[in-house]
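Here's the structure we're looking at; comments come further down.
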Amino acid sequence: VSSARTILDRLRPSDSTGRAKAVRNRSDRGRGARGTGRRRALPYAFVAPYVAFFLAVFAYPIGYAVYLSLHDYDFGQIQRPFTGLDNYRELMGDDVFWTALGNVGTYLLVNLPLTIAVAVGLAVLLDQAFRGRTFFRTVVFLPYVTSAVVVALLAKWIFANDGALNGGLGAVGAPRVPWLTSESWVMPTIAGIVAWKQLGFFVLLYLGGLQAIPRQLYEAARLDGANGWQLFRYITLPGLRPVTVLVTAFATIIGFQLFTEPYILTGGGPLNGSMTLVLYLYQQGFQSFEFGYAATIGIAIAVLVLVVVALQRRAFGDAGAAA
Amino acid sequence: LALVIGLLLVGCGRGEDEEARSGGQTRLSGPPITVWVPVGDEGKQPRAAIDEWNRTQAVKVRAQDVPTGTTSEDVVLSAIAARSTPDVYLGAAPVAVPQYAGGQGLLDLGNEFPDAREFVSGRSGERILEQYSTPEGGLFQVPWRTNPVMVFYNARLFRRAGLDPDSPPRTYSQFLAAMEQLDRAGVTPITQSIDQTWWHRFFDFYPTYLAAGQQTLLSKDGRQVAFNAQAGQQALGFWREVFERKFNPRSAVTLDDNNPFNRGRAGMFVAGPWNIPLIRPGVADDVRATTVPVPDGADTENVTTFGDIKSVVIFSTTKNKRASWEFVKFFLSEGNDRAFLEQANQIPLRSGIGEQVSDRVYTKTPLLRPFAEQVDNVLDIDNNGAGVDVMTQVSLAYQSGAIFQREPVSAALAEAAEKARSELE
């Protein structure tokens, strides 16, 4: 185990990043001294298409969303006055927004550990050599490539009060569970459905992460007398840390963008128990036509995602920075 | 140059102004018009009507399916924003029309065409004209068809529970007694969805609210909340008892052929005539319809219900206003209304349509008759831009006051009324 740690320390990404910076600095100095005006312009020409794309597809919509959020922009009104931060003040006092944020929090509390635990477990299993491995890898990946609407409709059938799951529970004498019709059950249920749907993608990421762990680490640890659990605990898990950071960030973003499942399964109910931030945004924008307020919710979601992911990166330390 | 300009001016003006009647038929000119037509079976009769129009009129009409989107409201909204709307749209949701009009997307028919008000009141009655006029006196839509919401019931299951299907329940206490008997007989009494989305209330609380008070959720001027009163409390109280006594499972059932009622597994189901073709073949022969529940002691002969109306609108982008309006009048003529009912099994919003249809329609689809007879007693959602917001608050009150009984009916309604007021401000 100690040999493995030494090798892992040597493989730390900060070293390679530092070397790359040094090489880049030397190279920049050389080019700067010899460069002509035309040569200087060339890189800008290369990045120009991307800059144009970025301006059209990202910067303009974001700028316009900020503009909308500062106006009372109701589609049905001719006057759309500038209202400064009024929409943001209203958002801070909006019960439904806070309920939706709390629901997303509940979702993440269930979904993140579930996703990481099951995805790591499946990835480790599917990384072993056994007959039919490709078949099982495909099976795990199938829900990910299935339409979210189809998955939600299927889940509606399974988790209905008189659905397949409660039917199975009834057959073994267990009480029925109000999966989608109780405020306390609905978000954990949705978190489980989404975890299942996204699992294939995360298993794939972890499988990639497992391939990147040098095999000699395991050999060295075995020579030191490590058992199976110790190999997993001290080599596999630390080796997968950068992937876990990535998975956490992706799963968090998916959580903040949660829409299809609550929209189809519950409409945000019962009693706003499955209202999510994006579903609320949709209702404000496309049912109430309050585009100004909807844009404010959108900006709030973007800020929240940035803050949460930044906190996660900080919590994961170096591995977070590498991811 | 003067000649060219003169010709251009004459050419531009023709579509708008030149109109001559010859032998009782309007002769129109100007560019062709495009009409958005509903997709599926619902669009067959409108397309046939367009073909008939094109055989006799110089201004041709092009039929286009309504583009697909999450909802038709989203599609129209996007088209208005992009100024890519056609001339006429058959099937606009009244709840969204104030928004379309506010977005400068629609023609004010009352202002543009002197005969518009008379046409609407002559076809559908003064009550409908009044409901679809804006508080400022505008008229942006012609109500086209209605899907009156009524209570389907299964006569076979009624008989099994010892109920007389020829004398269906009408009042709250009669409905509750019938549900109790169905429950005792092991039949799920009623299966309405508990989904929170606002429009689900069109099939439970809202029709019973309209039946109790003949009043939409807001005052006539659209500025005051009206539902936090006796009718609201009666209707919500009725549904609370339905859920308290577990007559309606707390389940988000679908509005399609998978609904337990349509599979013959529940006694009652509140829906519009669009549900008729969704009832499974082995069940359909047993199904009948009655009016929505009214408070005890109320008139059970003329019960008002939710009309689930769809309208015809003319977009402000039209290049041929006159031809568009003449087409709308042609499309909503008596003959076309009758044909629409006979071919699409949907009810045009024409007074007395129930008696104007040939008996063979009712022989083929007997369940259609009670819906057609209901057409003179329908109301829709408020003609106000805040209609969806108000309905959303009502839906939350329904969940908290009736389905989950988290608070008394009066408190749930008072809370919803307060939030609805802030939406109206």
Side-chain angles (χ1 to χ4, degrees), chain A residues 64 72-80 90 93-96 99 149 152-153 155-157 159-163 166 176-186 189 259-260 262-275 279-280 282-291 293-294, chain B residues 69-71 73-78 80-81 95-106 188 191 193-201 249-254 258 260 265-266 384-393 395-401 403-404 406-407 412 415 419 422-423:
Chain A
Y64 193 58
D72 182 9
Y73 199 103
D74 182 338
F75 188 80
Q77 305 294 329
I78 302 166
Q79 301 293 331
R80 289 152 184 178
E90 193 182 333
D94 186 341
D95 295 345
V96 183
T99 304
V149 175
L153 289 172
K156 196 168 190 168
W157 176 73
F159 290 96
N161 276 7
D162 54 352
N166 273 339
R176 287 183 168 201
V177 178
W179 302 107
L180 299 171
T181 55
S182 136
E183 285 163 271
S184 33
W185 276 101
V186 67
T189 304
F259 173 76
T260 311
Y263 177 71
I264 289 174
L265 290 169
T266 61
L271 288 165
N272 285 334
S274 61
M275 181 62 70
L279 181 57
Y280 190 44
Y282 168 80
Q283 289 183 350
Q284 289 297 315
F286 293 98
Q287 289 182 357
S288 303
F289 303 109
E290 296 275 0
F291 290 125
Y293 197 59
Chain B
T70 318
T71 63
E73 287 80 31
D74 295 357
V75 170
V76 177
L77 193 69
S78 312
I80 289 174
V95 69
V97 166
Q99 297 289 346
Y100 303 158
Q104 307 293 293
L106 301 181
T188 304
T191 53
S193 176
I194 65 160
D195 193 305
Q196 177 175 299
T197 311
W198 59 278
W199 54 263
H200 279 280
R201 302 294 78 79
R250 284 182 188 166
S251 188
V253 291
T254 52
N258 274 320
R265 294 184 187 171
N384 178 298
V388 173
D389 297 324
V390 174
M391 205 68 194
T392 299
Q393 297 308 329
S395 187
L396 284 168
Y398 181 77
Q399 289 218 322
S400 113
I403 301 174
F404 297 103
R406 291 290 159 80
E407 53 188 340
E415 197 179 314
K419 287 183 178 164
S422 68
E423 300 284 358

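Order of the sequence lines fixes the chain letters, A, B, ..., with proteins taken first and strands second; residue numbering starts at 1 for each chain.
Between chain B and the options A/Asn272, A/Asp162, A/Leu265, the largest number of non-hydrogen pairs under 4.5 Å is found for A/Asn272. For the set B/Val388, B/Asn258, B/Asp195, the count of heavy-atom pairs under 4.5 angstrom toward chain A peaks at B/Asp195. Ranked by heavy-atom pairs under 4.5 Å with chain A, the first of B/Gly387, B/Ser251, B/Gly105 is B/Ser251.
If you measure heavy-atom distances from A/Phe159 to chain B, you find no contacts under 4.5 Å at all. Proximity to chain A is limited to the side chain of B/Phe404, based on heavy atoms less than 4.5 angstrom apart. Heavy atoms of A/Glu183 lying under 4.5 Å from chain B belong exclusively to its side chain. Residue contact with chain B, scored on non-hydrogen atoms closer than 4.5 Å, involves the backbone and the side chain of A/Thr181 alike. Both the backbone and the side chain of B/Leu77 come within contact range of chain A, with heavy atoms under 4.5 Å apart.
The two atoms that bring B/Thr197 and A/Gly267 nearest to each other are OG1-CA, 3.3 Å, heavy atoms only. Shown here for A/Leu271 and B/Gln196, the closest heavy-atom pair between the two residues is N-OE1, 3.1 Å.
B/Arg250 CZ: more than 12 foreign heavy atoms inside a 6.0 Å radius.
In this structure, CD in A/Gln287 is found 11.5 Å from CD in B/Gln99, a value given to the nearest 0.5 Å. Between the CD atom in A/Gln284 and the CG atom in B/Asp389 there is a gap of 6.5 Å [rounded to 0.5 Å].
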